[in-house]
Amino acid sequence: MVNYKDLGLVNTREMFKRAVAGGYAIPAFNFNTMEQMQAIVMAAVETKSPVIMQVSKGARNYANASILRYMAEGAVAYAKELGCEHPEIVLHLDHGDSFELCKDCIDMGFSSVMIDGSHLPYEENVALAKKVVDYAHQFDVTVEAELGVLAGVEDEVSAAESHYTKPEEVIDFSTRTGCDSLAISIGTSHGAHKFTPEQCTLVNGVLVPPPLAFDILHEIEKKLPGFPIVLHGSSSVPMDEVNTINKFGGHLEAAIGIPEEQLREASKSAVCKINIDSDSRLAMTAAIRKHFDEYPSHFDPRQYLKPARENMKKMYIHKIVEVLGSNDKL
Ligand code: G3H
Ligand code: 13P
Ligand code: ZN
């Protein structure tokens with residue numbers, strides 16, 4: 001059993017309290033590779049931002065659970081080496097789908113876990129979340145639970161349709177489970193294809209998706225004043241990255257994300273954690289495709305992973321400073 005506090009990590013409790021009061025959101029960036037981890041830490045240090053580094057079940061399968069845990073410990077040391085005396089880094093399990101997976105992560109040094117029972121019948125979601133909370137809180141590990149279903153198909157996270165969170169359920173759910181934060185469904189979804197072109201309106205040649213359900217968010221805020229709310233599926237799918245990918249041999253059709261103004265607006269509310277994964281994938285892929293086109297003779301991974309890392313870092317900094325507002329909050 002390893003406690004996250006011994007690794008220099010922090011849980012989300014104080015971080016979220018400050019974010020809700022301050023009207024900003026903490027970035028939750030997924031990582032699977034060393035370059036993503038480095039880019040996240042460099043961006044957080046340069047902007048003096050707290051940060052959540054999250055690991056999905058798919059990431060654990062890809063990179064190995066122990067390696068990712070040691071990378072997070074390394075991230076704390078790296079942040080200090082870069083000049084940040086007191087980094088605030090959370091190591092979070094993203095979309096935990098069982099008590100056993102959450103327990104395994106808690107036991108190996110995670111400071112926060114998500115138990116995603118959103119696809120289960122309500123009472124089963126409550127029971128599972130409560131079981132995880134009861135275990136996690138013994139070690140001061142914070143727990144995110146989810147009510148409402150996001151659409152989107154990914155390796156380990158899939159649902160054909162979304163179902164918005166029902167505001168009338170949130171008080172009962174948060175009280176009975178004791179969860180520390182609640183992920184809600186208000187129109188975001190996972191992946192790089194969040195909307196079909198038919199769902200969007202063409203404005204000045206740009207496809208603008210329908211707005212998020214801010215009315216539901218505000219109703220939830222009224223029912224749970226000051227309670228930390230989480231938005232998954234919040235990549236914006238920048239058109240310049242999609243265009244670069246397509247220009248250099250890729251084939252991404254109708255990739256559409258959440259407009260950044262809407263995330264900016266959400267960050268000012270009780271939304272205090274915003275999950276971004278696809279934008280990092282796009283930034284990495286765009287830089288690598290461009291590099292291979294410009295330097296067809298290159299085959300040393302450092303030659304193409306360096307610009308990929310730079311591009312991800314630029315994107316992370318942009319999100320922190322221009323969208324979530326978590327800069328200068330350490
Ligand atoms: O919400 C899902 C994250 O983007 C993780 O995706 O399961 O493909 O690692 P993944
Ligand atoms: P995106 O696919 O929009 O980046 O969402 C990531 C996410 O919600 C991770 O849990
Ligand atoms: Zn998610």
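Counting starts at 1 for both ligands and their atoms, following the listed order. None of these values were measured; they are calculated from a predicted model.
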| said: Quick check for you: to the nearest 0.5 Å, what is the distance between F29 atom CZ and D279 atom CG? | reply: 9.0 Å

| said: Looking at L120, is its backbone amide N or carbonyl O close enough to the side chain of N125 to form a donor-acceptor pair, meaning the two atoms are under 3.5 Å apart? | reply: no

| Taking non-hydrogen atoms only, is D94 closer than 4.0 angstrom to ligand 1 via side chain, backbone, both or neither? | side chain

Please set out all donor-acceptor pairs under 3.5 angstrom arising from side-chain atoms of residues 84-93, sequence neighbours excluded.
from, atom 1, to, atom 2, distance (Å)
E88, OE1, R18, NH2, 3.2
E88, OE2, R18, NH2, 3.4
H92, ND1, S112, OG, 2.7
H92, NE2, E144, OE1, 3.4

| Going by an N to O cut-off under 4.0 Å, is there a salt bridge joining K319 and E260? | yes

| task | Compute the shortest N/O to N/O distance between H95 and ligand 1 and return yes if it is under 3.5 Å, no if not. | result | yes

| query | Looking at H190, which atoms of ligand 1 are within less than 4.0 Å of one of its heavy atoms? | reply | 1 (O), 2 (C)

| query | Based purely on interatomic distance, does N30 place a nitrogen or oxygen under 3.5 Å from a nitrogen or oxygen of ligand 2? | reply | no

| Are side-chain N/O atoms of Y135 and D107 paired as donor and acceptor at under 3.5 Å? | yes

| request: Can you figure out which of L231, D116, D94 has its heavy atom closest to atom 9 (C) of ligand 2? | output: D94

| note | So for K57 against ligand 1, with non-hydrogen atoms under 4.0 Å, the contacting part is neither

| So is K194 close enough to ligand 2, meaning a heavy atom under 4.0 angstrom away? | yes

| query | What atoms of ligand 1 come within less than 4.0 Å of a heavy atom belonging to D277? | reply | 3 (C), 4 (O), 5 (C), 6 (O)

| query | Between T188 and ligand 2, which part of the residue brings a heavy atom under 4.0 Å of the ligand: side chain, backbone, both or neither? | reply | neither

| said: Using a 4.0 Å cutoff against the non-hydrogen atoms of S56, which atoms of ligand 1 qualify? | reply: 5 (C), 7 (O), 9 (O), 10 (P)

| query | Tell me, which N, O or S atom in H232 is closest to the Zn ion (ligand 3)? | reply | ND1

| said: With a heavy-atom distance limit of 4.0 Å, tell me whether A192 approaches ligand 2 through its side chain, its backbone, both, or neither. | reply: neither

| query | Hey, is M114 one of the residues with a heavy atom under 4.0 angstrom from ligand 1? | reply | no

| Is the shortest side-chain N to carboxylate O distance from D140 to K5 below 4.0 Å? | yes

| message | Salt bridge check, K17 against E14: does any charged N sit closer than 4.0 Å to a carboxylate O? | response | yes

| With only distance considered, is N30 within less than 3.5 Å of ligand 1 through an N or O on each side? | no

| field | Under 3.5 Å: N/O of H232 near N/O of ligand 1 | value | no

